[in-house]
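Below is one structure, written out as structure tokens; comments come after it.
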2 protein chains.
Amino acid sequence: MVTIKDIAKALNLSPSTVSRALRGSYEINPQTKQLVLDYAAKMHYYPNPIALSLKGSKSKAIGVIVPEIAHSYFSQVINGIEEVAYKRGYHVVIFQSLESYEREVISIENMMARRVDGVLISISSYTIDFAHLQKLRDNQFPVVLFDRITDEIDTFKVVADNFAGAFAATEHLISTGRRRIAHITSLPWLSITQERLEGYKSALAKYDIAFDESLVKYCSFDAGEITMAIKSLLALTDSPDAFLSMADRLTLSCLTNLKEMGINIPTDISLVGFSNLTVAHLLDPPFSTVVQPAFETGQTAAQLLLDWIEKKDKNVDFNTKKLPMKLLIRKSSQL
Amino acid sequence: MVTIKDIAKALNLSPSTVSRALRGSYEINPQTKQLVLDYAAKMHYYPNPIALSLKGSKSKAIGVIVPEIAHSYFSQVINGIEEVAYKRGYHVVIFQSLESYEREVISIENMMARRVDGVLISISSYTIDFAHLQKLRDNQFPVVLFDRITDEIDTFKVVADNFAGAFAATEHLISTGRRRIAHITSLPWLSITQERLEGYKSALAKYDIAFDESLVKYCSFDAGEITMAIKSLLALTDSPDAFLSMADRLTLSCLTNLKEMGINIPTDISLVGFSNLTVAHLLDPPFSTVVQPAFETGQTAAQLLLDWIEKKDKNVDFNTKKLPMKLLIRKSSQL
DNA sequence: TATGCAAACGCAATCGGTATCGATGCCAAG
DNA sequence: CTTGGCATCGATACCGATTGCGTTTGCATA
């Protein structure tokens, strides 16, 4: 690896002159400058980013924490983050929390130890204490939340319009004649869970359908739990005629379970689910989905973070970007 | 951020003593050592990895190049890589080639500029010149290939047993009475394409079925091409009774196209495809798949690379690890 | 001729941590 | 009393690039 000193030695110049020539400083003789530039190009000189980082205390790296990489939604988000970061000369270091609070805290520490310039995070399902994030913010450290956010941290946030997505899905089910719409959702304390529930309730209200608490089921990541939830829903005296599921894993579980039980979709029960699977149209039956703007979420969050990092003055005006959802109606929810 | 010098000043010691105390050097008074350790813990001291990197010319980072992150197979591979890398204190920097040779070359340069300690790469489909990789190897730089490999580079490689996978799938189709088995595959110059074709041929030979070149279709990433291929196969006078597709995107395209054409699966045409989709069982019909050991591939490749990086002597004995495939038989290929 | 003043470039400190080489103090052996 | 050896710790160069400041030119002006 060729360094500035190598170039300096070869051209009988001082390292400082070479450095300035490479950076195009005005106080270098154009001829000298050209000489250095040519030689550097010939020798394939690249500035050592590690030395730069040490000097400037900027690593040109951002950290990303997601619950799981191998999950269609998050891998699409990462795709969007990559695209933006790559174009702006940053690299992306990825961590998985695996929905564990402890791993999330460790990942944050790890990132700080590695001196990333900023963090993008979608909070783990089991994180209810946000001290690890608040500490970063207290130190003026740039953190952008996406998808799973929280009110307790004041910063930039990027989310899908969960309310509108749930509202549209519910309204669609109502418009196809359904009245007893079960709401299968994730953990109750998550922001996305709450927003989606509100969208659902709001749509019911619009059509004067009473909200029935017994139709709402909160499910953890235990696979058996969703099966239990479905069975208890079907056991109701006034059992549901539609399922609205609010997460990928829940959507797929619903489908698997209902099929196993021999329930006809959509004749017996109509089905709409939040999902970013690219093969929803190939499922049996082709599945109506609310699709999250995953790629755009990644892009937007990365933009915000990098703008923030590169901003001179530290007076930033935080806001929350809300990206539109898309409802794709397929056979699972048609008459 | 607290540094060694801060600690030194606070405890009236020299930076070198603090450094040695933190590293547990034997030549430090146990009491002094404890003092330093306690103070460092209290102040949340983390060694600056950037300074370490500059000194030791090791970045403790590895680069990964995949065609696309948001692809079930590759995201599972990355998952495996991550797991191993973090346990061993490395971080993972991910690049996408998007199946472009140019982007692959740029990514390599980018990684070198960033001084990663090693590279894991699954070669882009349109890479037929390997000079960029050979240059790395010429400089004794650790590179491990996975999935898409090449004979032109002598190094560690990790692949799935493509031959066995294709053989098993073909044999299964034959055992269900199929004799005209179409082979829909990827670009002809890829290692995986060739190995899978060999497996297919070998299974045909075993059962004395003549190999018919007209049943083999090579498809690029153009979506229309697969449709054309399928139509031309169905137009044959002796048209196929089974489709064997050799990549995720092809498998899904086959399914989409055949369904659109109103062809009954598996009655009219039996279907088996290579795929790492986790929802194959929910497709219509439930889809027989050859599943690649994605996670294990990532783990193995990362292991090999890190062992190599950390090895003292540079005499490494290259080999190619072959991981078993799994054939999951579902309705799409049953009688 | 002396002085001023740019233009062009070199010196050396710096970032944080490590490693080499001393330096010091103390105790025991000669 | 001197010398050697050990235990313990400090000063400093170094990794690669940047940067404030100083220095050397050449040239024009008083």
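Proteins get letters first, then strands, A, B, ... in listed order; numbering begins at 1 in each.
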For the atom pair CG (B/Leu304) and CG (B/Asn319), what is the distance rounded to the nearest 0.5 Å?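 The CG atom of B/Asn319 is 6.5 Å from CG of B/Leu304, to the nearest 0.5 Å.
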
Give, for atom CG of B/Leu133 and atom CG of B/Leu136, the distance between the pair rounded to the nearest 0.5 Å.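 If I round to the nearest 0.5 Å, the distance is 6.0 Å.
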
Could you tell me how far apart [X] ([atom1]) and [N] ([atom2]) are, to the nearest whole angstrom?
{"X": "A/Gln31", "N": "C/dA7", "atom1": "CD", "atom2": "P", "answer": "16 Å"}
{"X": "B/Arg115", "N": "D/dG16", "atom1": "CZ", "atom2": "P", "answer": "9 Å"}
{"X": "B/Lys33", "N": "D/dC9", "atom1": "NZ", "atom2": "C1'", "answer": "13 Å"}
{"X": "B/Ile4", "N": "C/dG16", "atom1": "CD1", "atom2": "C1'", "answer": "8 Å"}
{"X": "B/Lys60", "N": "C/dG17", "atom1": "NZ", "atom2": "P", "answer": "16 Å"}
{"X": "B/Lys5", "N": "D/dC9", "atom1": "NZ", "atom2": "P", "answer": "20 Å"}
{"X": "A/Lys9", "N": "C/dC9", "atom1": "NZ", "atom2": "P", "answer": "20 Å"}
{"X": "B/Lys58", "N": "C/dG16", "atom1": "NZ", "atom2": "P", "answer": "23 Å"}

B/Asn276 side chain vs B/Gln292 backbone, donor-acceptor pair below 3.5 Å: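 Yes; judged by distance alone, with no hydrogens or angles, the pair exists.
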
If you restrict it to nitrogen or oxygen atoms, what contacts under 3.5 Å exist between nucleotides 19-28 of chain C and the protein, and what is each distance?
residue	atom	partner	partner atom	Å
C/dT20	O4	B/Arg20	NH1	3.3

Residue that, paired with A/Leu306, satisfies side chain to side chain contact (heavy atoms under 4.5 Å, CB included) out of A/Lys87, A/Arg88, A/Lys311: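 With A/Leu306 as partner, side chain to side chain contact (heavy atoms under 4.5 Å, CB included) holds for just one option, A/Arg88.
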
Verify the contact: side-chain N or O of [X] to OP1 or OP2 of [N], cut-off strictly under 4.0 Å; return yes or no.
{"X": "A/Thr17", "N": "C/dC9", "answer": "no"}
{"X": "B/Ser14", "N": "D/dG10", "answer": "yes"}
{"X": "A/Tyr26", "N": "C/dA6", "answer": "no"}

Which pairs of donor and acceptor atoms, one on a side chain in residues 293-300 of chain B, lie under 3.5 Å apart (sequence neighbours left out)?
residue	atom	partner	partner atom	Å
B/Thr297	OG1	B/Pro293	O	2.6
B/Gln299	NE2	B/Glu83	OE1	2.9
B/Thr300	OG1	B/Glu296	O	2.7

Scan [X] against the nucleic acid and name what it touches under 4.0 Å (heavy atoms): base, sugar-phosphate only, or nothing.
{"X": "B/Leu13", "result": "sugar-phosphate"}
{"X": "A/Thr32", "result": "sugar-phosphate"}
{"X": "B/Asn12", "result": "sugar-phosphate"}

In a table with atom names and distances, give each donor-acceptor pair under 3.5 Å that connects a side chain of residues 34-46 of chain A to protein atoms at least two apart or in another chain.
residue	atom	partner	partner atom	Å
A/Gln34	NE2	A/Asp38	OD1	3.0
A/Tyr46	OH	B/Glu109	OE1	3.4

Verdict with supporting geometry, A/Lys58 and A/Glu310, salt bridge (Lys or Arg N to Asp or Glu O under 4.0 Å): CA-CA 10 Å; A/Lys58 289 234 160 297; A/Glu310 290 172 356; over 6 Å; no

With distance as the sole criterion, is a donor-acceptor pair present between the side chains of A/Thr17 and A/Ser14 under 3.5 Å?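 Note: A/Thr17 and A/Ser14 side chains meet the donor-acceptor criterion.
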
Using the ring pair (Phe, Tyr, Trp, His ring centres under 6.0 Å) rule, collect all pairs that involve residues 56-77 of chain B, keeping only residues at least two apart or in two chains.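 Listed by first then second residue: B/His71-B/Phe74.
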
More than 12 heavy atoms of other residues, nucleotides or ligands under 6.0 Å from NZ of B/Lys60: is that the case?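 Atom NZ in B/Lys60 is packed in, count exceeds 12.
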
Below 6.0 angstrom between ring centroids: does that apply to B/Trp308 and B/Phe318?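 Yes, ring centres under 6.0 Å apart.
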
A/Tyr101 and A/His132: aromatic ring centres closer than 6.0 Å?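 Aromatic pair counts; centres sit under 6.0 Å.
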
Find the bend of the helix from C/dT1-D/dA30 to C/dG30-D/dC1 as the angle between its two terminal axes (five pairs each), to the nearest 10°.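 Overall, the helix from C/dT1-D/dA30 to C/dG30-D/dC1 bends by 90° from one end axis to the other.
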
Go through residues 46-54 of chain B and report each residue with a non-hydrogen atom lying under 4.0 Å from DNA chain D, sorted by number.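 By residue number: B/Leu54.
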
